[in-house]
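Below: the structure, in structure tokens.
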Amino acid sequence: MTVSPQSLKHLPFLFLLILTTGLYFAILWTSQSHVDGDEGVVGIMAKHIIDQDANPVFFYGQAYGGGGAIEAYLAVIPFLLFGISSISLKLVALVFAILTLLLTYCFCLKHFDLTTALFSSTILAATTALIEWHFKVRGGYILLPFLSLLILWIFVEIAYEKKCKKVYFFLLGFCSGFAYYNMELIIPLLITIFTASFYWKKIFWKKQALVPMLAGVLVGVFPLLHFNLSHQFANFKSLFQQTEGRLFTRAIENFIPLFTEYLPGFFSSQNSEFVGTVGLTAYLEYLAFAFLIIWVFVFHFSSLIELFKGFLKAKHPESPPPLIVLFLLYLLIHLLINLVTKDTGRSLRYFVSLFPMLAVLAGHTNAILIKKFQGPLKFFAAAPLLLIAGLGWSNHFHSIHASMVSDDVWKDGKRVETVLTSGETVPAIIAYLKKEKIKTFRSTYFLQWRILFESQEELIGSSYGLVPRSVRYPAYDQRVFDAERIAFILHQEDFQLKLFQASSKLKYFGPPHQVGEYLIYIGQQPQSFKIQMDANNRSFDLKFFDLRVKQGQLIDLEKERQNE
């Protein structure tokens, strides 16, 4: 059997794909083998779809973020095939990571060239920024890169390839609507597509295009529309509640930190929950990306200006801007929106949607630079690519270690900090509670859902009153409140542990048992421990322990009432 030259040219990418897949699975089976709290919620949702015929529309406890529900429905497949486990759940994210890599290669191969396809794919596969996100199933983030590139590809087929059939317009609308239902972070790309569409007015702004596009959007967002109509527009209300004023002031405040702190932080191998500090390698990888992006931005600045002018032109232009300019426009709009976001800097996960566009921009630019130089200078031109790939692969190999999972810990009763705990801690806690014949417990949010999922609901827990979050699943809280014998589990560094140990509630519990970083108290649940459920109470309150801080001292209100 002979192999055609056309097939041989894909061998480098095939090697990259095999290497990447093998490395990703090695990381999955080691450091990423256990879920965090949000992933536990998605896993429980998938379990409920299987055994309770549940039909979630959003992440449990929220009226927004359909990505959690989408991931739960997708997780049903590996759960039925391989059983319910953390590995099965994370396979959903891993499959989309590989699909996005394939899509990036195919897109660049068709619309750019082989060198750009290989460089962009290498950058996407190797970058440190996505190490954790290749395995995170926590609300639709891993779907964003795949859906973003898919939407852009359909748009390019229509605008550049002149494929103006109704089916293409319907697909563009459907993918856009579905991506919005998945997560609102798709908005920067939708704004980019909308803005660029004015450059091709005679294609997009006609009845033959608008009708199928609108029909596609309605189909894509149907779950969201149905939910709003049946729940008094709760989704729309929640979105309005998340918006604030001070846009201009916030943009000024965020401008310098965005480029000097937040974006570099995204290139840390642990960026999903602000664990650790931003090291030198993160800054080096960020600077390599920044160099390539700035170079292509300067090189195509005039074309970018022409694209903006096209927004106002009434006449269809004869020569469209280079395709890479669309990627630049998206990057600018995305960063502009991040500047005015109140969560900028606190939520590095909002930058996940920048990929794979950022990888294509960097890969295409590095391909151009290498073509421009001859001899030894080619090595210097390849330096950004080599730096990104070298640091990225190194960090990937360093991620093959024992499982560590993020957890939420209250510090000084004022703020939540993220700490890393051993992934094996939760199975050990589950084993201890089963040994003690305990079926209900109280803990903080992340630990609650880790135990719920990994015990497959054999243990029921509640974090109500211990964290400033809305109620995720009231049925759990009710069962815990009604239980007579419970376990109380807190991280040894949690300020609330000190409050509990100083509270009169401690007398109802036996001596603590330590498992890893956690202390477990088992005993009878006092009536004064059963605080009234209030779904609207989202603020952390020390009333859970009947304690107040007065002149630097902890005052037990229950004892004060008894003395009175």
Scan side-chain atoms only and decide if H334 and S353 contain a donor-acceptor pair under the 3.5 Å cut-off. yes
Restricting to salt bridge (charged side-chain N to carboxylate O under 4.0 Å, His left out), what partner residues turn up for E39, sequence neighbours left out? K90, K136
So that I know where these two stand, are F266 and Y262 an aromatic pair - ring centroids less than 6.0 Å apart? no
Partner set under salt bridge (charged side-chain N to carboxylate O under 4.0 Å, His left out) for K47, not counting sequence neighbours: D51, E457
Please give me the minimum heavy-atom distance between L150 and L103, naming the atom from each residue. N-CD2, 3.9 Å
Can you tell me how the ring of H48 sits relative to the ring of Y473, calling it parallel under 30°, perpendicular over 60° and tilted otherwise? tilted
N395 side chain to L391 backbone, donor-acceptor under 3.5 Å: yes
Go through the steps for F58 and Y64 under the test ring-ring contact (aromatic ring centres under 6.0 Å, His included), then give the verdict. CA-CA 6 Å; F58 299 111; Y64 60 93; 7.7 Å; no
Enumerate donor-acceptor pairs with a distance under 3.5 Å from any side-chain N or O in residues 77-87 to protein atoms, sequence neighbours excluded.
residue: S85; atom: OG; partner: S88; partner atom: N; Å: 3.1
residue: S85; atom: OG; partner: S88; partner atom: OG; Å: 3.1

Donor-acceptor pair, side chain of E517 and main chain of T421, under 3.5 angstrom: no
Hey, does L144 have a side-chain heavy atom less than 4.5 Å from the side chain of L185? yes
Of the non-hydrogen atoms in H134 and A125, which two are nearest, and what is the gap between them? NE2-O, 4.4 Å
Test your reading of the model: is there a side-chain donor-acceptor pair from T30 to the backbone of I27, 3.5 Å cut-off? yes
May I ask you to test the V426-L447 pair for a side-chain heavy-atom distance under 4.5 Å? yes
Distance check, rounded to the nearest 0.5 Å: I151 atom CD1 versus Y180 atom OH? 13.0 Å
Using only heavy-atom distances, determine whether the side chains of Y60 and R472 contain a donor-acceptor pair under 3.5 Å. no
We want to know whether E132 and Q32 form a side-chain donor-acceptor pair, criterion being a heavy-atom distance below 3.5 angstrom. no
Is a side-chain donor or acceptor of Y283 paired with a backbone partner of G265 at a separation under 3.5 angstrom? no
dist L499:CG -> D494:CG (nearest 0.5 Å) comes out at 8.5 Å
Output the distance between atom OG (S443) and atom CG (L490), rounded to the nearest 0.5 Å. 7.5 Å
Donor-acceptor pair, side chain of S394 and main chain of G390, under 3.5 angstrom: no
Would you check if the distance from the ring center of Y24 to the ring center of W29 is below 6.0 Å? no
Under 4.5 Å between any side-chain heavy atoms of I451 and F441, yes or no? yes
Please walk me through it: do T444 and H491 pass side-chain contact (heavy atoms from CB on, under 4.5 Å)? CA-CA 9 Å; T444 49; H491 193 280; over 6 Å; no
How about Q525 and R442: does a side-chain donor come under 3.5 Å of a side-chain acceptor? yes
If you define the side chain from C-beta out and look only at heavy atoms, does anything of L17 sit under 4.5 Å from I98? yes
So which atom in S120 and which in T104 form the shortest heavy-atom distance, rounded to 0.1 Å? CB-CG2, 4.3 Å
Would you mind reporting whether F488 and L519 have side-chain heavy atoms less than 4.5 Å apart? no
Centroid-to-centroid, F119 to H364, below 6.0 Å? no
Take the angle between the ring planes of Y286 and F267 and call it parallel below 30°, perpendicular above 60°, tilted in between. tilted
L263 side, atom CG; L335 side, atom CG - distance, nearest 0.5 Å: 6.0 Å
Quick one: closest heavy-atom pair of P384 and A288, and the distance? O-CB, 4.0 Å
Can you list every salt bridge (charged side-chain N to carboxylate O under 4.0 Å, His left out) pair that touches residues 352-361, not counting sequence neighbours? none
Test item: N182 side-chain N/O and G140 main-chain N/O as donor-acceptor pair under 3.5 Å: yes
Are the side chains of L224 and V57 in touch, meaning some heavy atoms are under 4.5 Å apart? no
Kindly compute the distance separating CG (L147) from OG1 (T100), expressed to the nearest 0.5 Å. 8.5 Å
Run the side-chain hydrogen bond (donor to acceptor under 3.5 Å, both in side chains) test on T127 and E285 for me, step by step, so that the C-alpha distance in whole Å, both residues' side-chain angles and the decisive distance to 0.1 Å come before the verdict. CA-CA 8 Å; T127 182; E285 194 171 337; 3.0 Å; yes
R485 atom CZ: more than 12 heavy-atom contacts under 6.0 Å: yes
Contact between F107 and L149 at the side-chain level, heavy atoms closer than 4.5 Å - yes or no? yes
Specify whether F481 and Y464 have parallel, tilted or perpendicular ring planes, treating 30° as the upper limit for parallel and 60° as the lower limit for perpendicular. perpendicular
Pairing residues for E493 by the salt bridge (charged side-chain N to carboxylate O under 4.0 Å, His left out) criterion, not counting sequence neighbours: K411
Pairs meeting criterion salt bridge (charged side-chain N to carboxylate O under 4.0 Å, His left out) with involvement of residues 424-437, two or more places apart: K434-E458
Let's go through T281 and T128 carefully: what are the C-alpha distance in whole Å and the side-chain angles of both, what is the deciding distance for side-chain contact (heavy atoms from CB on, under 4.5 Å) to 0.1 Å, and is it a yes or a no? CA-CA 10 Å; T281 58; T128 303; over 6 Å; no
Do I293 and L358 have side chains that get closer than 4.5 Å, going by heavy atoms? yes
Is it true that R450 and D36 make a salt bridge, defined as a side-chain N closer than 4.0 Å to a carboxylate O? no
Quick check against the 3.5 Å criterion: does T425 have a side-chain atom that pairs as donor or acceptor with the backbone of S422? yes
Can you check whether F509 and F500 have ring centres sitting under 6.0 Å from each other? yes
L91 and F25 have their tightest heavy-atom pair at CD2-CE2, 3.8 Å
Approximate separation, where rounding is to 0.5 Å, of M404 CE and S33 OG: 11.5 Å
Tell me whether the count of non-hydrogen atoms from other residues, nucleotides or ligands lying under 6.0 Å of OH in Y73 goes above 12. yes
What heavy-atom pair brings A46 and A72 nearest, and what distance separates the two atoms? CB-O, 3.3 Å
How far apart are the C-alpha atoms of F59 and V42, what are their side-chain angles, what is the distance that settles it, and do they pass the side-chain contact (heavy atoms from CB on, under 4.5 Å) test? CA-CA 7 Å; F59 203 86; V42 176; 3.6 Å; yes
Side-chain donor-acceptor contact under 3.5 Å, Q448 with Y476: no
Between D408 and V419, does a side-chain contact (heavy atoms from CB on, under 4.5 Å) hold up when you go through it step by step? CA-CA 7 Å; D408 52 342; V419 297; over 6 Å; no
